[in-house]
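To start, the structure itself, in C-alpha cells.
One is the number of the first residue; the rest follow in order along the sequence.
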Amino acid sequence: MPPHPSGVAVDTHAHVFRQDLALADTRRHTPDYDATLTEYLTLLDAHGMSHGVLVQPSFLGTDNSHLVQALRAAPDRLRGVAVVDTAISDAQLQTLADAGVVGIRLNLIGLPTPPLHAPDWQALLARVAARGWHVEVHAQAQRLPEILPALLAAGCRVVVDHFGRPDPALGVTDPGFAYLLQQADSGQVWVKLSAPYRNWPAGKEDDAGRQAAALLVRAYTAQRLMWGSDWPHTEHRHVASYTAATQWLDAWIDDPTERRCVLADTPLHLFQFQIQGDKP
C-alpha cells in the first residue's frame, strides 16, 4: 500500500468541553476547567497530527450539541463519536452524521450493561450498522464477554477503548484481555492504544503498554489498532500530557509500517476521513 501524503496522522480519542455546560445527572466526573477546540487543534498542530476524533464525554450525557458545534468548526479535520439513547430518531442520527459523527459510544464504567439483546437496542444497533458507523465500548475487560457478542451479532463494527481496560492487578493475564485478543478473529473489532494511566500505575506506561501492544499486534495486526491521546486526560492530568501520550506510542510501536497503519491507514478508513488524492 502506498504511503499517505506526508504528515497525515490521526489522534482517535480526545474530548472538548466547557465547565459551564449542562452536565448529566449521573456522572463520575465534574470538570473544573475548560478543554476547548482551539486548544486541541493547537496541540494537533504542535505534534504533527493532521486529524482528530472527538468523543462525547460521559459527563455530558446524550446532549451532543457541543460536540456537533466543534465538528462543524473543522469538518475536514475532525470526526466524532456521540452518545445516544435508543429513542433517538433517524432525523437526529442524520443530523449527527451531517456534522461528522461516525459512531456511538457505550461508556459503561460505573454503569450496568444495558440490555443489548432487547428489541429497542437491537433496532438502534441495526441503524448504526446500516450507516457504516461503529460502536465504541469503554468498560473493564472482565465485562467485554457480556457486551461484545450482542454488538457483533448485530453486525456492528466495534472499537474497544484504552487497551480494553485490563485489571491493573492482572495486566495482560486478565481473562477479559485474553477474551479481547480472541475477538480479533471476528474481523469486526478494533482496539485503541490509549490512556495507559487508566490501566497501570504511573511509571509503568512504557513497559506495560509495550507488552499489551505486542500481544494486540500479534492478534489483530496493526491494521486494526489505533492511537489516541485521550486529551485532556480527565482525572489523570497530573500524570499525563499530550507530549507524554506521543512518547508512549513511540515505546509501544517502533516498526514504521505498523506505525503508519496505527496512525494513518486504519483510522483514516474507520473514521471515514476524506483525504485529498484518495479515490471516493
- Message: Tell me if the centroids of the rings in F163 and W252 come within less than 6.0 Å of each other.
- Response: yes
Q) For Q223 and T266, what are the C-alpha separation, side-chain angles and deciding distance, and is it a side chain to side chain donor-acceptor pair (under 3.5 Å)? A) CA-CA 6 Å; Q223 294 180 1; T266 299; over 6 Å; no
Tightest non-hydrogen contact, residues E39 and D34, listed as OE1-O, 3.5 Å
Query - Sidechain-backbone polar pair: R210 side chain, W248 backbone, donor-acceptor under 3.5 Å - result: no
Can a donor-acceptor pair be found, under 3.5 Å and without considering hydrogens, that links the side chain of Q69 to the backbone of L67? no
H47 NE2: over 12 foreign heavy atoms closer than 6.0 Å | yes
Those residues at least two apart in sequence (or on a different chain) that pass salt bridge (Lys or Arg N to Asp or Glu O under 4.0 Å) with D45 are R77
Test side-chain contact (heavy atoms from CB on, under 4.5 Å), reference M49, set V10, V8, L263, L43, output is L263
- Task: Starting from the C-alpha separation in whole Å, work towards a yes-or-no answer on salt bridge (charged side-chain N to carboxylate O under 4.0 Å, His left out) for R72 and D98.
- Result: CA-CA 9 Å; R72 287 174 173 165; D98 291 342; over 6 Å; no
**Asked** Are the side chain of T12 and the backbone of W227 linked by a donor-acceptor contact shorter than 3.5 Å?
**Response** yes
- Using modelled atom types only, decide if a donor and an acceptor are shared between the side chain of Q183 and the backbone of Q188 within a distance under 3.5 Å. no
Aromatic ring pairing Y40/Y242, orientation class (parallel under 30°, perpendicular over 60°, tilted between):
tilted
Q122 and A154 have their tightest heavy-atom pair at OE1-CB, 4.0 Å
Salt bridge present between R260 and D265 (N-O < 4.0 angstrom): yes
Separation between CD (Q182) and CG (L144), nearest 0.5 Å, reads 11.5 Å
So CG of L37 and CG of L54: to nearest 0.5 Å the spacing works out to 6.5 Å
Sequence neighbours excluded, the answer for salt bridge (Lys or Arg N to Asp or Glu O under 4.0 Å) partners of R105 is E136, D161
Whether D11 side chain and G52 backbone form a donor-acceptor pair below 3.5 Å = no
Looking at K192 and D230, is any side-chain nitrogen of the basic one under 4.0 Å from a carboxylate oxygen of the acidic one? no
So F59 and F17, would you call those rings parallel, tilted or perpendicular, with 30° and 60° as cut-offs?
perpendicular
Here the pair of heavy atoms bringing P115 nearest to W121 is O-CD1, 3.3 Å
message: Closer than 3.5 angstrom, by distance alone: can the side chain of E258 be matched with the main-chain N or O of D254 as a donor-acceptor pair?
response: no
request  = Specify whether H15 and H13 have parallel, tilted or perpendicular ring planes, treating 30° as the upper limit for parallel and 60° as the lower limit for perpendicular.
outcome  = perpendicular
Between L125 and A150, the two heavy atoms sitting closest are CD1-O, 4.2 Å
By side chain to side chain donor-acceptor pair (under 3.5 Å), H51 pairs with (sequence neighbours left out) none
Query raised in the report: Would a distance-only check, ignoring hydrogens and angles, find a side-chain to backbone donor-acceptor pair under 3.5 Å from R198 to H162?
Result: no
Residues R79 and P75: closest non-hydrogen pair is NH1-O, 2.9 Å
Here the gap from L225 atom CG to L216 atom CG, rounded to the nearest 0.5 Å, amounts to 5.5 Å
Check the pair K204 / D207 against salt bridge (charged side-chain N to carboxylate O under 4.0 Å, His left out), numbers first and verdict last. CA-CA 6 Å; K204 300 293 187 181; D207 292 340; over 6 Å; no
Are the side chain of N64 and the backbone of T62 linked by a donor-acceptor contact shorter than 3.5 Å? yes
| said: Test your reading of the model: is there a side-chain donor-acceptor pair from R157 to the backbone of A129, 3.5 Å cut-off? | reply: no
